[in-house]
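We count residues from 1, following the sequence as given. The model shown is predicted, which means the values in this text are computed figures rather than measured ones. What's counted below: heavy atoms across the whole structure, side chains too, no hydrogens, waters or symmetry copies.
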Amino acid sequence: MTNLRSEFEGFEFADPASYEHLLTQESAMCWWCESQPATTGEHKFKRTSLARLMGDGEVLVWGDGERRREIRGKSGIKRDRYGVVKFPKSMCAPCNNVTSKPFDTAYDIYAQYVEAHSLRMMPGVNLGSLYGPEWRTKSLNLARYHAKHFGCRMVRDRLPVPQSLRDFMNGAEDMVDGHMAIITTDSINKVYGRGMSISPIVPWMDRDGTRFTSCVMAAYVGPIGIRYEWVADGIPDQKRSQFFHHSNPVINCFRSEEDVVMGNTRKSGLLARFLQWVNKP
């Protein structure tokens, strides 16, 4: 039995009612291109990853702290009877199935690697070795896959999608108001092991409640995740070291999901620090 999780359980910041007046209206158009009808829903967890986790007849158990659903057999993944594998329809078919195909391919290579290796004790993820000579392009596509994933979650929760996220998916190589980092979280490893989990969005408002000022969310394959933070007023260059700009980006360590939200890292383990020392330029 493998666990899937798509919300923080027993963990809450702001009451959504306090920012309801800032939420966007639901739209029938694709949030990415904004020109075609939204006819498809992006997978919360890639179908290929779910199939690998399921193996030969294993049961996947999905939960969000309130509900629990069992997914049995490959047909159960495809059918998505309970609506737990996919986000609501918010993208057009060309964007979701064609334009973003290189993003999905880069992610699947990465996910298979993370599933097959114990990385929690390592100092980083060697994208240069994983992707070879094209690591720069494929690392950007990996990040753009996550941008698509995080954008779909924003739309689901009716938060405004930053234009920088769309620009990044359209070819920009950075986001001045967005940051992505590779992380590992002790509490995720303890509870979900090799399962997959995604967090909800945790947003902040200004004191007057007139606009959103930032938000944080994360998505995990086992205990290894990608953390995305958006800051309305921008993130200084020295604090915006994007994982996709490095051939061997560091794994940032957190004790709990609360620490992930607040950005409070812990010191990496002895082995990771030793390997960092051995391999430092």
Original post:
For Phe168 and Glu173, which heavy atoms make the closest approach, and how far apart are they?
Top reply: CE1-C, 4.0 Å
**OP:** Determine the minimum heavy-atom distance between Phe244 and Ser139, stating which atoms define it.
**Re:** CB-O, 3.5 Å
Original post:
Is there side-chain contact between Trp204 and Val216, with at least one heavy-atom pair below 4.5 Å?
Top reply: yes
Original post:
Is Met169 reachable from Val176 through a run of hydrophobic residues whose side-chain heavy atoms are each under 4.5 Å from the next?
Top reply: no
**OP:** Count the heavy atoms belonging to other residues, nucleotides or ligands that lie under 6.0 Å from CD of Glu134, then report whether that count exceeds 12.
**Re:** no
Original post:
About how many Å separate CG of Leu142 and OG1 of Thr137, when rounded to the nearest 0.5 Å?
Top reply: 12.5 Å
Subject >> Contact list for residues 239-250, test salt bridge (charged side-chain N to carboxylate O under 4.0 Å, His left out), sequence neighbours left out >> reply: Asp174-Arg240, Asp237-Arg240
Original post:
Any side-chain heavy-atom pair from Thr105 and Pro102 closer than 4.5 angstrom?
Top reply: no
Original post:
Who passes side-chain contact (heavy atoms from CB on, under 4.5 Å) against Ser35, sequence neighbours left out?
Top reply: Cys33
Original post:
Under 3.5 Å, is there a donor-acceptor pair between the Thr213 and Asp206 side chains?
Top reply: no
Subject >> Pairwise side-chain contact, Met154 with Trp31, heavy-atom cut-off 4.5 Å (strictly under) >> reply: no
Original post:
Is there a donor-acceptor contact under 3.5 Å from the side chain of His21 to the main chain of Gly209?
Top reply: yes
Original post:
Counting only N and O atoms by type, is there a donor-acceptor contact under 3.5 Å from the side chain of His179 to the main-chain atoms of Ser241?
Top reply: yes
**OP:** Could you tell me which residues satisfy salt bridge (charged side-chain N to carboxylate O under 4.0 Å, His left out) with Arg266, sequence neighbours excluded, listed by chain and number?
**Re:** Asp186
Subject >> Shortest non-hydrogen contact between Ile251 and Ile183, atoms and distance >> reply: CG2-C, 3.9 Å
**OP:** State the CG-OH distance between Asn141 and Tyr131, to the nearest 0.5 angstrom.
**Re:** 8.5 Å
Original post:
Can you find a pair of side-chain heavy atoms, one from Phe150 and one from Met180, that are under 4.5 Å apart?
Top reply: yes
Original post:
Quick check: are there more than 12 heavy atoms from other residues, nucleotides or ligands sitting under 6.0 Å from CD of Glu34?
Top reply: yes
Subject >> Exercise: identify the closest heavy-atom pair between Ile182 and Ile224 >> reply: CG2-CG2, 3.9 Å
**OP:** With rounding to the nearest 0.5 Å, note down the distance linking CG in Leu127 to NE2 in His245.
**Re:** 12.0 Å
Original post:
Taking atom OH of Tyr19 and atom CG of Leu159, what is their separation to the nearest 0.5 Å?
Top reply: 6.5 Å
Original post:
Is the side chain of Asp108 donor-acceptor paired with the backbone N or O of Asp104 at a distance under 3.5 Å, no angle test?
Top reply: no
**OP:** Could you check Lys89 against Thr39 for side-chain contact (heavy atoms from CB on, under 4.5 Å), going step by step and ending with a plain yes or no?
**Re:** CA-CA 6 Å; Lys89 293 178 180 179; Thr39 57; 5.5 Å; no
Original post:
Which pair of non-hydrogen atoms, one from Ser164 and one from Met175, has the smallest distance, and what is that distance?
Top reply: O-CG, 3.8 Å
Subject >> Side-chain donor/acceptor of Thr185 to backbone N/O of Ser187, under 3.5 Å >> reply: no
**OP:** Could you tell me whether the side chain of Arg120 and the main chain of Pro223 form a donor-acceptor pair under 3.5 Å?
**Re:** no
Original post:
If you look at every heavy atom in Asp177 and Pro162, which pair is closest and at what distance?
Top reply: OD2-CB, 4.4 Å
Subject >> Enclosure of Gln238 CD (heavy-atom neighbours >12, cutoff 6.0 Å) >> reply: yes
**OP:** With the side chain counted from C-beta on, respond yes when Lys86 and Glu42 share a heavy-atom pair under 4.5 Å apart, and no when they do not.
**Re:** no
**OP:** Calculate, to the nearest 0.5 Å, the distance between atoms OH and CD1 belonging to Tyr145 and Ile226 respectively.
**Re:** 11.0 Å
In a table with atom names and distances, give each donor-acceptor pair under 3.5 Å that connects a side chain of residues 90-98 to protein atoms at least two apart or in another chain.
from, atom 1, to, atom 2, distance (Å)
Asn96, OD1, Lys148, NZ, 3.3
Asn96, ND2, Thr40, OG1, 3.1

**OP:** With side-chain contact (heavy atoms from CB on, under 4.5 Å) as the test, would you mind laying out the steps for Phe45 and Ile198 before giving the verdict?
**Re:** CA-CA 9 Å; Phe45 311 101; Ile198 62 175; 4.0 Å; yes
**OP:** Return the orientation label for the Tyr107 and Tyr110 ring planes: parallel under 30°, perpendicular over 60°, tilted otherwise.
**Re:** tilted
**OP:** Keeping the roles fixed (side chain from Asn126, backbone from Gly128), state whether a donor-acceptor pair exists under 3.5 Å.
**Re:** yes
Original post:
Between Thr24 and Arg158, is there a donor-acceptor pair closer than 3.5 Å when you use the side chain of the first and the backbone of the second?
Top reply: yes
**OP:** Report yes or no: does Tyr220 contribute a side-chain atom to a donor-acceptor pair with the main-chain N or O of Thr184 at less than 3.5 Å?
**Re:** no
Subject >> side-chain contact (heavy atoms from CB on, under 4.5 Å) partners of Arg136, counting only residues at least two apart >> reply: none
Subject >> Value rounded to 0.5 Å, distance of SG in Cys253 from CE in Met121 >> reply: 8.5 Å
**OP:** Linking directly or through intermediates, with side-chain heavy atoms under 4.5 Å: list the remaining ILVMFWY members grouped with Ile235, chain and number order.
**Re:** Val231
Original post:
Given the rule that I, L, V, M, F, W and Y join up when any side-chain heavy atoms are under 4.5 Å apart, are Phe87 and Met29 in one cluster?
Top reply: no
**OP:** Answer whether the closest heavy-atom distance between the side chains of Tyr113 and Leu119 falls below 4.5 Å.
**Re:** yes
Original post:
Does some side-chain heavy atom of Asp259 sit less than 4.5 Å from a side-chain heavy atom of Val261?
Top reply: no
Original post:
Under 4.5 Å between any side-chain heavy atoms of Phe212 and Trp230, yes or no?
Top reply: yes
Original post:
Can you check whether Gly171's main-chain N or O pairs, donor with acceptor, with Arg144's side chain at less than 3.5 Å?
Top reply: yes
